[in-house]
There are 4 protein chains.
Amino acid sequence: MGKEDIGTDRKRERYESIIKAAGELFTRKGFHDTKMEEIAELAGIGKGTVYEYFRSKKDLFFDVIKYCTSNFLDDFKSAAAKGKDYRERLDNALSVLIRYFQESSNFFKLLIKDHREIDEKLYEWLVNVKIITAKIVQDILEEGMKAGELKPVMPVIPALMLLESCRLVLFRELFKEDEYDPESIKVMVIDIVLNGIRVNGSRT
Amino acid sequence: MGKEDIGTDRKRERYESIIKAAGELFTRKGFHDTKMEEIAELAGIGKGTVYEYFRSKKDLFFDVIKYCTSNFLDDFKSAAAKGKDYRERLDNALSVLIRYFQESSNFFKLLIKDHREIDEKLYEWLVNVKIITAKIVQDILEEGMKAGELKPVMPVIPALMLLESCRLVLFRELFKEDEYDPESIKVMVIDIVLNGIRVNGSRT
Amino acid sequence: MGKEDIGTDRKRERYESIIKAAGELFTRKGFHDTKMEEIAELAGIGKGTVYEYFRSKKDLFFDVIKYCTSNFLDDFKSAAAKGKDYRERLDNALSVLIRYFQESSNFFKLLIKDHREIDEKLYEWLVNVKIITAKIVQDILEEGMKAGELKPVMPVIPALMLLESCRLVLFRELFKEDEYDPESIKVMVIDIVLNGIRVNGSRT
Amino acid sequence: MGKEDIGTDRKRERYESIIKAAGELFTRKGFHDTKMEEIAELAGIGKGTVYEYFRSKKDLFFDVIKYCTSNFLDDFKSAAAKGKDYRERLDNALSVLIRYFQESSNFFKLLIKDHREIDEKLYEWLVNVKIITAKIVQDILEEGMKAGELKPVMPVIPALMLLESCRLVLFRELFKEDEYDPESIKVMVIDIVLNGIRVNGSRT
DNA sequence: GATGAATGAGCGTTCATTCAT
DNA sequence: GATGAATGAACGCTCATTCAT
């Protein structure tokens, strides 16, 4: 292992520390209210150094989004692959989504914004993330359809309904304190949607 | 009609023209990327004039939100009051929501952002709009529950699911061209949710 | 008495009410922090009307200074003319100066500023006021010199010393509470200066 | 000498160059008519750089005042400490004051303004400078009183009279050309005041 | 004549980006 | 490579002045 590798390792380390600092701040305060200097400070480096790793603030923002959504997609895919049947796989996948909502709720609010204002490429990336996520859920639902448990409706609709409904966990203010429990919200959402497209006579 | 009315009318006119110009631009480019000068220009007035009507950019933004959401709430309430049964009232209400999404899709994306960054008061206002909207849908669902057609579940969950699911009409990119039709999306969403909480044996 | 006279009277009235409002505000907040709108409001007229009487803010400021200093000069001259001897006349004159300092202390601080920044003409006016005032005091002192009570020194020096020393009444902060009494300050100042130039052997 | 010292030195240098440029301009044109951009230009730096050293225009103004008055107080104290007797010490102190009046006459006019309009803290600072200056002169006069040469009057009055009378050197316009000589004005002022409070029979 | 709505030049301040060290 | 001092374009907001009514 020579100097270059050390350099490469340090680069990787620095890169990640900037991404994480930036993610934290963009998430908390939004794009415009986060200053490059703050990001550098939180990452423990000099202001100029950020520009050694990212060409501009927009670029950094883009990379933060890519980094975070990539992690999400990996976790989501893994969860959607585990489980003895489609119901369990669906449950696992949505658990991941809800966990991300909970842990990085602001980050996901960040994602929701219309980032065409920031960058057309970024917008396309985010649409793509949504398409992939939806496709995973659609595939799960199609399993249920093939198994004859679910009606063979256009799966894109219930898939998106499930994904959008997970956003309910973000609206604490809309629940009475004792009703609010992300886990049971998830179960109810899944129940309602699956029940809504269940073949009559088939059981929960 | 005397001078005062003329003055009041002109003021009202100007006020609305600024609100509209600002709504248009905030919607298209977001809060931070919209310049006061642009708003003035689009409204066909001088930069200083905007400040005769609004104390600051934040105030203007807040008023735009209030103006638009108030209009929405009025329309939404009216629609939710018309119809021969709860199913029709629900259909009417969601039609309004979807129409707003379609006509002002960007504006509604605007609403979604975490505006705590901009103003705490604004955030509270938006939470309140959400609460009122949800309550209207809950009331409709409770009619169905009283009628014995829907299971007596916590109505807040299906109510929010319906509202969040209307956002599907915003994601054209996720539909194949021929599948995308806001009206049928709405019908499917309502069907799925109502079906999902229907008392077994009761028919659509 | 025709319409014109009425108009002229109203004009005069308005003129004075603006001057007074402006004097009040310039005095309290300085030139730059006083807004034309505030002046109009305090004068009980419309903003545009001020411009019927004064071409600009600077012009108004100039006129305020002229108005106030003219009043001062009139009072000062009258006082300096009354009294059985030069000592009493000096006392009377300085009483007027001190009264103005007390009543319009801020206004006089206003005068002290270097108004070359505002207007060269204004500066010349103020120098002239100072010259006239000093000349009046010099004349009084020269009486005492002619009477053989005061040494025939250049009267401009003690005259200005007397005038400048009256400013002491503005510095309340520099006196212990019980020492501060404008009347006795005045007496002490006069005593010290007159004593300082008294012909030896002559009595107070 | 390491990097830090170089940095510190350069910072110190820049700091002083800004203070000097600002002092020059504030002095010549007043607070409100001096633009930050002009200050930067005169200091030979960019506009933004000024804000690396001073948080705001007010802060800069305050620091200019502090910087200049601190220098003055140092010089004034030193001068007031040198001299074989109180008369000489008084003479030395007032020479410093007059020199400052002459060299920075506009700056001292600046000081006179009622800066409560700009900042309450600044006003307090200036009152304090006045108090310190007056105290130094009072102490000198009290020497003369203890020595039995001066009457034991309240020393604050003659002390302030001396200080205020030094302002005479600012009013060139009030003197005929051949009468104007700061040095002899100073001597006459001191003579008159000291004579005015001299114990009868004691000699000049 | 009186008004006050409209104006826009002007300024203080911010912050992404650069570049000399 | 790393730094942070320096920069200046950009923008929100003010207010003296104008002018249509």
Side-chain angles (χ1 to χ4, degrees), chain A residues 3 6-7 10-11 14 31-41 44-61, chain B residues 3 6-7 10-11 14 31-41 43-60, chain C residues 3 6-7 10-11 14 31-41 44-61, chain D residues 3 6-7 10-11 14 31-41 43-60:
Chain A
K3 277 181 181 177
I6 293 171
R10 285 204 36 184
K11 277 216 134 195
R14 282 256 209 266
F31 180 78
H32 286 285
D33 290 335
T34 298
K35 293 174 234 164
M36 289 299 264
E37 193 159 14
E38 293 173 311
I39 293 170
E41 197 184 11
I45 58 174
K47 196 182 355 175
T49 310
V50 178
Y51 286 85
E52 298 286 330
Y53 293 84
F54 303 91
R55 302 183 64 171
S56 71
K57 195 184 181 187
K58 271 186 190 176
D59 268 34
L60 171 54
F61 185 72
Chain B
K3 276 183 182 178
I6 293 170
R10 292 227 0 204
K11 279 220 140 199
R14 278 261 204 267
F31 180 79
H32 287 286
D33 289 334
T34 299
K35 290 172 248 169
M36 289 302 265
E37 197 158 14
E38 290 174 313
I39 294 171
E41 197 183 11
I45 58 175
K47 186 171 29 160
T49 309
V50 179
Y51 287 88
E52 296 284 327
Y53 293 83
F54 303 91
R55 303 183 64 166
S56 70
K57 194 184 180 187
K58 269 189 192 177
D59 267 37
L60 172 54
Chain C
K3 275 182 181 176
I6 292 171
R10 286 209 28 188
K11 277 216 135 198
R14 282 255 208 269
F31 180 78
H32 286 284
D33 290 336
T34 298
K35 291 173 237 167
M36 290 300 264
E37 192 159 16
E38 293 173 311
I39 294 170
E41 196 185 13
I45 59 173
K47 195 181 356 174
T49 310
V50 178
Y51 286 86
E52 298 285 328
Y53 294 83
F54 304 90
R55 301 183 63 170
S56 70
K57 194 183 180 188
K58 270 187 190 176
D59 267 36
L60 170 54
F61 186 73
Chain D
K3 276 181 179 177
I6 293 170
R10 291 228 1 205
K11 279 220 139 196
R14 280 262 204 266
F31 179 78
H32 286 286
D33 290 334
T34 299
K35 290 172 246 166
M36 288 301 265
E37 197 159 13
E38 291 174 313
I39 293 171
E41 198 182 11
I45 59 176
K47 185 168 29 155
T49 309
V50 179
Y51 288 87
E52 296 283 326
Y53 293 83
F54 304 91
R55 300 183 65 166
S56 69
K57 195 183 180 188
K58 268 189 191 177
D59 267 37
L60 172 54

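The chains referred to below are lettered A, B, ... by the order of the sequence lines, with proteins before strands, and numbering in each begins at 1. Values reported hereafter were calculated over all heavy atoms of this structure, with side chains retained and with hydrogens, waters and symmetry mates removed. It should be emphasised that the depicted structure is a prediction, and the values quoted were computed from it without experimental measurement.
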For A:Lys57, which residues count as a side-chain contact (heavy atoms from CB on, under 4.5 Å) partner, sequence neighbours excluded?
-> A:Phe26, A:Phe31, A:Met36
note: A:His32, atom NE2; F:dG12, atom P; distance rounded to Å ~ 11 Å
Proximity to DNA chain F (any heavy atom under 4.0 Å), residues of residues 43-54 of chain B only | B:Lys47, B:Tyr51
Between F:dT18 (P) and C:Glu37 (CD): distance, integer Å | 16 Å
Tell me, please, which residues at least two apart from C:Glu38 pass side-chain hydrogen bond (donor to acceptor under 3.5 Å, both in side chains).
-> C:Lys29
Determine the stems involving DNA chain F; a stem requires 3 or more consecutive pairs of the Watson-Crick or G-U wobble kind, each with both distances below 3.5 Å, and the answer is none if no such run exists.
-> E:2-21 with F:2-21
Please state how far atom CZ in B:Arg10 lies from atom P in F:dT21, giving the value in whole angstrom units.
-> 7 Å
Could you go step by step and tell me if B:Arg14 and B:Arg10 meet the side chain to side chain contact (heavy atoms under 4.5 Å, CB included) rule?
-> CA-CA 6 Å; B:Arg14 278 261 204 267; B:Arg10 292 227 0 204; 3.9 Å; yes
Only counting residues at least two apart or in another chain, list the ones meeting ring-ring contact (aromatic ring centres under 6.0 Å, His included) with C:Phe54.
-> C:Tyr15
Separation of E:dC11 P from D:Lys58 NZ (nearest whole Å) = 18 Å
Between CD of B:Glu41 and P of E:dT7 the distance, given in whole Å, is 13 Å
Got a second to check how far C:Tyr51's OH is from C:Asp59's CG, nearest 0.5 Å?
-> 10.5 Å
Taking the side chain of A:Met36 as its heavy atoms from C-beta onward, which of E:dT17, E:dA5, F:dA16 lies nearest to it?
-> E:dT17
How far apart are the C-alpha atoms of D:Asp33 and C:His32, what are their side-chain angles, what is the distance that settles it, and do they pass the side chain to side chain contact (heavy atoms under 4.5 Å, CB included) test?
-> CA-CA 9 Å; D:Asp33 290 334; C:His32 286 284; 3.3 Å; yes
Value for NZ (A:Lys11) from CD (A:Glu52), rounded to nearest 0.5 Å, stands at 7.0 Å
Working to the nearest 0.5 Å, report the span between CD1 of A:Ile39 and CG of A:Leu60.
-> 5.0 Å
A:Arg55 atom CZ is separated from E:dT17 atom P, nearest whole Å, by 11 Å
For B:Ala40, what residues pass the side-chain contact (heavy atoms from CB on, under 4.5 Å) criterion, not counting sequence neighbours?
-> B:Ile45, B:Val50
B:Arg14 CZ to E:dG4 C1': how many Å, rounded?
-> 13 Å
Taken to the nearest whole Å, CG/C:Leu60 to P/F:dC15 is 16 Å
Just compare E:dG12, E:dA16, F:dC11 and give me whichever is closest to any side-chain atom of D:Lys35.
-> E:dG12
